[in-house]
Amino acid sequence: TNTHTQEVMLAHASRSFLRQVTHTPALRVQTPAAARFISSEAFHSVYTGEAKVHGDAVAAANVAEPSTAQIEAAEKLVEAMKTAAERPAKTRMVAVMDAAIAAENLDYAFLAIQEINKRGFQQDPITLKRLVGACVAAGEVDRGFQLVDSFTNFGCLADSEALGMLVDGYVKTNQPLRAYEVFSSWDNVEDSTTPNPTLVKSLHDSLTAAGFSKEAQIVSARL
């Protein structure tokens, strides 16, 4: 199937890229300060029969074929990985991250960020926040939270924009208490700004609807 073909294509394109990166299995813990990175072993699995099994399963499940846009995004990711493998540089690895986000492949995006860090290139909050936004957009808000909580490990500081993404993500995924926990740290970040009234109202309404009146009252003070 086209889905299986894309997996094989990505696997071959990433072979030289993976030679550049660590082979230490990545942490996938749920505790803060430990951003999740996919391990190289996961990528190498596509060279085994697992890829064929997955392809057959997709075909049997009648999964819709990828759209033209999805195929093009996957091809751009392949090209970005090839370029980064030829001569590793931060800008090229950021390009891999952006291409992976466009291809809706967060694991490759995190791998690129991990490689930037491993090579000693300076991380920047703008790039990291793009990945946080991608996590939130994909509904993986906890993963975005772990990344924000790990900003200090990358030599960066979390800001109001990053927290706002998480609050909005948790509200939209019906996790008002998690959103409230993040919001409670608002004034602790560097150069915190006044929270967006629309964001505060959405959090307040979400807490009220879920029956958390005490927390909702505290939030209402920021309206």
Is it the case that the side chain of [X] and the backbone of [Y] share a donor-acceptor pair, with hydrogens and angles ignored and the cut-off at 3.5 Å?
{"X": "T208", "Y": "A216", "value": "no"}
{"X": "S150", "Y": "N153", "value": "no"}
{"X": "Q114", "Y": "A109", "value": "no"}
{"X": "Q70", "Y": "S67", "value": "yes"}
{"X": "W186", "Y": "T193", "value": "yes"}
{"X": "S206", "Y": "S202", "value": "no"}

Non-hydrogen side-chain atoms of [X] and [Y] separated by less than 4.5 Å:
{"X": "M93", "Y": "R119", "answer": "yes"}
{"X": "F151", "Y": "L157", "answer": "no"}
{"X": "I116", "Y": "V94", "answer": "yes"}
{"X": "Y108", "Y": "M81", "answer": "yes"}
{"X": "L166", "Y": "F183", "answer": "no"}

Which value, rounded to the nearest 0.5 Å, describes the distance between [X] atom [atom1] and [Y] atom [atom2]?
{"X": "L207", "Y": "H204", "atom1": "CG", "atom2": "NE2", "value": "8.0 Å"}
{"X": "I218", "Y": "E215", "atom1": "CD1", "atom2": "CD", "value": "6.0 Å"}
{"X": "K90", "Y": "Q123", "atom1": "NZ", "atom2": "CD", "value": "6.5 Å"}
{"X": "L199", "Y": "S160", "atom1": "CG", "atom2": "OG", "value": "10.5 Å"}
{"X": "E104", "Y": "L77", "atom1": "CD", "atom2": "CG", "value": "12.0 Å"}
{"X": "M97", "Y": "N105", "atom1": "CE", "atom2": "CG", "value": "13.0 Å"}

Worksheet item: Can you list the residues that meet the side chain to side chain donor-acceptor pair (under 3.5 Å) rule with Q175, with sequence neighbours excluded?
Response: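 Applying side chain to side chain donor-acceptor pair (under 3.5 Å) to Q175 gives T173.
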Worksheet item: Going by an N to O cut-off under 4.0 Å, is there a salt bridge joining E86 and K82?
Response: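 Here E86 does not pair with K82 in a salt bridge, since their nearest N and O are not under 4.0 Å apart.
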Practice prompt. In plain terms, say whether E115 and K118 are close enough for a salt bridge, that is, a side-chain N and a carboxylate O under 4.0 Å apart.
Written response: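 Yes, charged N to carboxylate O under 4.0 Å.
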Of all heavy-atom pairs between [X] and [Y], which one has the smallest distance, and what is that distance?
{"X": "G169", "Y": "V136", "value": "CA-CG1, 3.6 Å"}
{"X": "A112", "Y": "V96", "value": "CB-CG1, 3.9 Å"}
{"X": "Q122", "Y": "F154", "value": "NE2-O, 4.0 Å"}

Could you list the donor-acceptor pairs under 3.5 angstrom formed by side chains in residues 126-135, with sequence neighbours left out?
residue	atom	partner	partner atom	Å
T127	OG1	D124	OD1	2.8
T127	OG1	D124	OD2	3.0
K129	NZ	D159	OD2	2.6
K129	NZ	E161	OE1	2.7
R130	NE	D98	OD1	3.0
R130	NH2	D98	OD1	3.3
R130	NH2	D98	OD2	3.0

Discussion item. Listing request: all salt bridge (Lys or Arg N to Asp or Glu O under 4.0 Å) pairs with a residue in residues 197-211, at least two apart in sequence or in separate chains.
Written reply: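 For residues 197-211, and leaving out neighbouring residues, the salt bridge (Lys or Arg N to Asp or Glu O under 4.0 Å) pairs sorted by first residue read K201-D205.
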Worksheet entry | Sequence neighbours excluded - salt bridge (Lys or Arg N to Asp or Glu O under 4.0 Å) pairs with any residue from residues 174-184 |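 Every salt bridge (Lys or Arg N to Asp or Glu O under 4.0 Å) pair that includes a residue of residues 174-184, provided the two are not neighbours, is D142-R178, R178-E181.
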Worksheet entry | All side-chain contact (heavy atoms from CB on, under 4.5 Å) counterparts of A179, not counting sequence neighbours |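 Here the qualifying residues are V167, Y170, V171, L203.
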Worksheet entry | Residues forming a side-chain contact (heavy atoms from CB on, under 4.5 Å) with A210, sequence neighbours excluded |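 side-chain contact (heavy atoms from CB on, under 4.5 Å) check on A210 returns P176, F212.
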